Structures are given as C-alpha cells and as structure tokens.
Amino acid sequence: MKSILVIHPYFGRFPKMFPFWLESCKLNKTVDFLIVTNQEIQSDSDNIIIKKSSLTQVKSELEAICGMNIWLEKPYKLCDFRPLFGKLFSEYTQKYDFWGYCDCDLVFGDIRHFLTEAVLNNHDYILGWGHFHVQRTIDSKFDEVWRTARGLWRNIGWKDVFASGQNEWFDELPYGVAGRYYGLYPDRCWMGYTDNHAIFESPALSQLPFQSLFNDYTLWKSWSCYQDHLNRLPFLKRNEGGDLHHIIYQKEGIHLFTIGINQENRIEKREILYAHFYKRNLDIRISNKSIFIIRPNAIVDCTHLSKYILMYYAHHPSIYWENILYRINRKLGILKKKYLK
C-alpha cells in the first residue's frame, strides 16, 4: 500500500469544527496527518503527528528554501506556499510515497475508498482545488511545474506571489500549480471528477441550503471558475442531469455520504471523499464526532431520514431566520458607522 502524509499547518485558535475534522482524520488509519501548530493539542492516534512551531519559524525556513524575503505575516498566506511543503517538511515527507495538504473546515470520508492503489500507481498529482491534495514525493517534474506556475488574480510568477501581501491562490485550480501541472502533464493528473460529478462536495457559501459548486448543474453553469476554463481544463466539463437536491451530509464512522432527492423524487445516498464548508458557521449540537448529520447550519444527531425529515433538515427554518438576523445586524452596523461617528 502506498504511504500518504497529509500536512496541515495551523496557527491561532482552532475553528469550532476542528474536532470533527480531526476525528475524520483519525478514522483514516492508513493515512498519516502532520499538524504543525502553536496550539496545545494532544492525540493518542498513531496516524496523527503533532509538530510545535510558529509562523515566524515557518517563515524563516521558507525564506531559506526560496532564497528571498517573503510576505508571511498572516497564517492564511501559507496557502500560497503549499507547493513547498514537501521541502519545508522534508524530514517527514521523505518517508512517504505521497505527501499533500488539506483545509480543516472539512470532514473526510474514507480516503482510501477513492485514492485507490490504481489511482496512486498511475498518477503523480491528485486533486487540485486546495481543500485536499496529494502528490508523489519523488517527482522530478515538480520543480519545473511550480517555478513556471502563475497566480489566480494576476499573471505573476512565484517570486512575486511569495512577496505579495495578498493570497494569490498559487496552489490551486484553475491556474496555480495545479493548473500548470495539468497543462504540462495531463495524463499524470487525477482531479477527482468521474461519472459526471466530483467525488467531493464543496457547498457554496452564497447559497443558504447546501448546493455544491460542481455537483449542482445550475451553479456549475453560472460559475466563471468552471465556464472560463473548460477548454484548458476539460475535466471540468459535465452534462446536465443526475444531481441530488435538498441535500445534507451524513457521517457513519469512516464513511461520509451526500443524501438528497434524485431525479426520480427518491432519497439517494452517495459516498463522497470529503465535504468542504468554506468556514461556514455550523452550530455544534452533539458530542459524537464519528456519527452525525450536517445540515446547512448545524451538526446534529443522526436519525432515520424520511423524505419529510430530509427536506426539513435541508431547509431548516433556522437557516433563513439566522440569515435575516445577520442582514439586519449588518445593516445596523453600516448605519451606525454612517450616522454615529
């Protein structure tokens, strides 16, 4: 079995859903996770490795690798340096066949169910949106790739990206290192799109109910990050049909499922690699971290799902009420700044 190390540096207070992310990592016992942090964290799981560090120390080590001064004053900027994690943490990555990185505002399903030996044997660069990615450790092509990649917002190279005070999305699609790797070596990439759908879910924050950007045809058709790059990134093409609507996510031990209403108006359950939530505010209402339901604004206990209960969870009244309160408070804040200076 090919060995995999997933790296997650995090500096500052962990988000609310961090324990659920961590438990989903622990359940994937044949994948190791390296958490680099300045926070106090304990784990008795053999596949969780904790490395104490600081943003200042990481910056110094990255500058030694790059041979230049870099801008790394905020932790989120680390995303632009992800292509260098293999070198930055080489004392760990050199022991593995594959290394990668991920966000922690997600919940994993069964990683090996999707990253099979066939996928790992036949590809060097796997998944490209930045939520979760792995790549072959010994890869002579990779220096050429990241050194000739560009940022998303501007057509700038790695030196300008690393000196920039903003996040340039250098690591991920549709441009970045992921886009460059695919452009140079498409046959060595596997981006996780199959059977007209992505193997992962990434529900858009702009939608109150869960609607994943690729797996919902209406969103796919309207999102420029797909439509503007279909010729260059043909794996992003899809046809209409086969989507699930009124969806929630259900965690059952190591497994994670999308549950929704299909075209035949029936409940359907599909296993997925992960669900990524873009820092969505989820109210934690349970303590069990391995068996639960995620609805659009909360993590709750599992229950038998009839069509009525599924619709109720997918469109829970509190979702809309909380949004109304948010808009009112936001408007009041704007008025306060304008008239009560």
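Just so you know, these numbers come straight off a predicted model, no measurement behind them.
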Donor-acceptor contact below 3.5 Å, side chain [X] vs main chain [Y]:
{"X": "H123", "Y": "V119", "result": "yes"}
{"X": "N262", "Y": "N265", "result": "yes"}
{"X": "E271", "Y": "L256", "result": "no"}
{"X": "S212", "Y": "S202", "result": "yes"}
{"X": "Q250", "Y": "F257", "result": "no"}
{"X": "W220", "Y": "L236", "result": "yes"}
{"X": "N122", "Y": "A118", "result": "yes"}
{"X": "D80", "Y": "F170", "result": "yes"}
{"X": "T37", "Y": "F11", "result": "no"}

Under a single-linkage definition using a 4.5 Å side-chain heavy-atom cutoff for Ile, Leu, Val, Met, Phe, Trp and Tyr, are [X] and [Y] assigned to the same hydrophobic cluster?
{"X": "I111", "Y": "I48", "answer": "yes"}
{"X": "Y92", "Y": "L84", "answer": "yes"}
{"X": "V177", "Y": "M68", "answer": "yes"}
{"X": "F210", "Y": "L205", "answer": "no"}
{"X": "L310", "Y": "I247", "answer": "no"}

How about [X] and [Y]: are their ring centroids closer than 6.0 Å?
{"X": "F200", "Y": "F214", "result": "no"}
{"X": "H246", "Y": "Y313", "result": "no"}
{"X": "Y125", "Y": "H133", "result": "yes"}
{"X": "F132", "Y": "Y101", "result": "no"}
{"X": "F20", "Y": "F108", "result": "no"}

In terms of side-chain heavy atoms, does [X] have a donor or acceptor partner in [Y] at a distance below 3.5 Å?
{"X": "N121", "Y": "K2", "value": "yes"}
{"X": "H276", "Y": "E201", "value": "no"}
{"X": "Y181", "Y": "D139", "value": "yes"}
{"X": "T258", "Y": "Y249", "value": "no"}
{"X": "N297", "Y": "S318", "value": "yes"}
{"X": "Q94", "Y": "S90", "value": "no"}
{"X": "N167", "Y": "K74", "value": "no"}
{"X": "T30", "Y": "R112", "value": "yes"}
{"X": "Q166", "Y": "Y76", "value": "no"}

Compare every heavy atom of [Y] with every heavy atom of [X], then report the nearest pair and how far apart it is.
{"X": "D171", "Y": "P83", "value": "CB-CD, 4.1 Å"}
{"X": "I294", "Y": "L282", "value": "CG2-CD1, 4.0 Å"}
{"X": "R285", "Y": "V300", "value": "CD-CG1, 4.1 Å"}
{"X": "G165", "Y": "W71", "value": "CA-CD2, 3.5 Å"}
{"X": "G12", "Y": "N38", "value": "N-OD1, 3.1 Å"}
{"X": "L78", "Y": "P9", "value": "CD1-CB, 4.0 Å"}

Flag the pair [X] and [Y] as a salt bridge only when some basic side-chain nitrogen lies within less than 4.0 angstrom of an acidic carboxylate oxygen.
{"X": "R82", "Y": "D103", "result": "yes"}
{"X": "R270", "Y": "E268", "result": "yes"}
{"X": "E168", "Y": "R150", "result": "no"}
{"X": "E23", "Y": "K251", "result": "no"}

Worked check of salt bridge (Lys or Arg N to Asp or Glu O under 4.0 Å) between D124 and K141
CA-CA 10 Å; D124 301 322; K141 306 182 296 302; 2.8 Å; yes

Partners meeting side-chain contact (heavy atoms from CB on, under 4.5 Å) with Y96 (sequence neighbours left out)
S3, L5, D32, I49

Steps toward side-chain contact (heavy atoms from CB on, under 4.5 Å) verdict (V36, Y10)
CA-CA 6 Å; V36 183; Y10 199 96; over 6 Å; no

Those residues at least two apart in sequence (or on a different chain) that pass side chain to side chain donor-acceptor pair (under 3.5 Å) with W129 are Y193

Residues which pass side chain to side chain donor-acceptor pair (under 3.5 Å) with E61, listed by chain and number, not counting sequence neighbours:
Q57

Is the W99 ring parallel, tilted or perpendicular to the F142 ring (thresholds 30°, 60°)?
perpendicular

As a quick check of understanding, evaluate side-chain contact (heavy atoms from CB on, under 4.5 Å) for Y175 and W169, giving each step before the final call.
CA-CA 8 Å; Y175 287 111; W169 285 23; over 6 Å; no

Can you tell me how far [atom2] of [Y] sits from [atom1] of [X], rounded to the nearest 0.5 angstrom?
{"X": "I248", "Y": "L305", "atom1": "CD1", "atom2": "CG", "answer": "4.5 Å"}
{"X": "N196", "Y": "E240", "atom1": "CG", "atom2": "CD", "answer": "10.0 Å"}
{"X": "C66", "Y": "F81", "atom1": "SG", "atom2": "CZ", "answer": "6.0 Å"}
{"X": "I4", "Y": "R136", "atom1": "CD1", "atom2": "CZ", "answer": "10.5 Å"}
{"X": "S290", "Y": "K26", "atom1": "OG", "atom2": "NZ", "answer": "11.0 Å"}
{"X": "I50", "Y": "S43", "atom1": "CD1", "atom2": "OG", "answer": "5.5 Å"}

Does R180 make a cation-pi contact with W146 (under 6.0 Å, within 45 degrees of the axis)?
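No, cation not above the ring by the 6.0 Å, 45° rule.
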
side-chain contact (heavy atoms from CB on, under 4.5 Å) between K307 and I261, worked out
CA-CA 8 Å; K307 190 182 294 185; I261 306 297; 3.8 Å; yes

Could you walk me through whether D243 and R238 pass salt bridge (Lys or Arg N to Asp or Glu O under 4.0 Å), step by step?
CA-CA 11 Å; D243 296 348; R238 59 157 295 180; 2.8 Å; yes

Can you tell if the side chain of N28 reaches within under 4.5 Å of the side chain of D110, non-hydrogen atoms only?
yes

Applying side-chain contact (heavy atoms from CB on, under 4.5 Å) to W21 and D105, what does each step give before you reach the verdict?
CA-CA 7 Å; W21 170 81; D105 52 350; over 6 Å; no

Are there more than 12 heavy atoms of other residues, nucleotides or ligands under 6.0 Å from atom NZ of K269?
yes

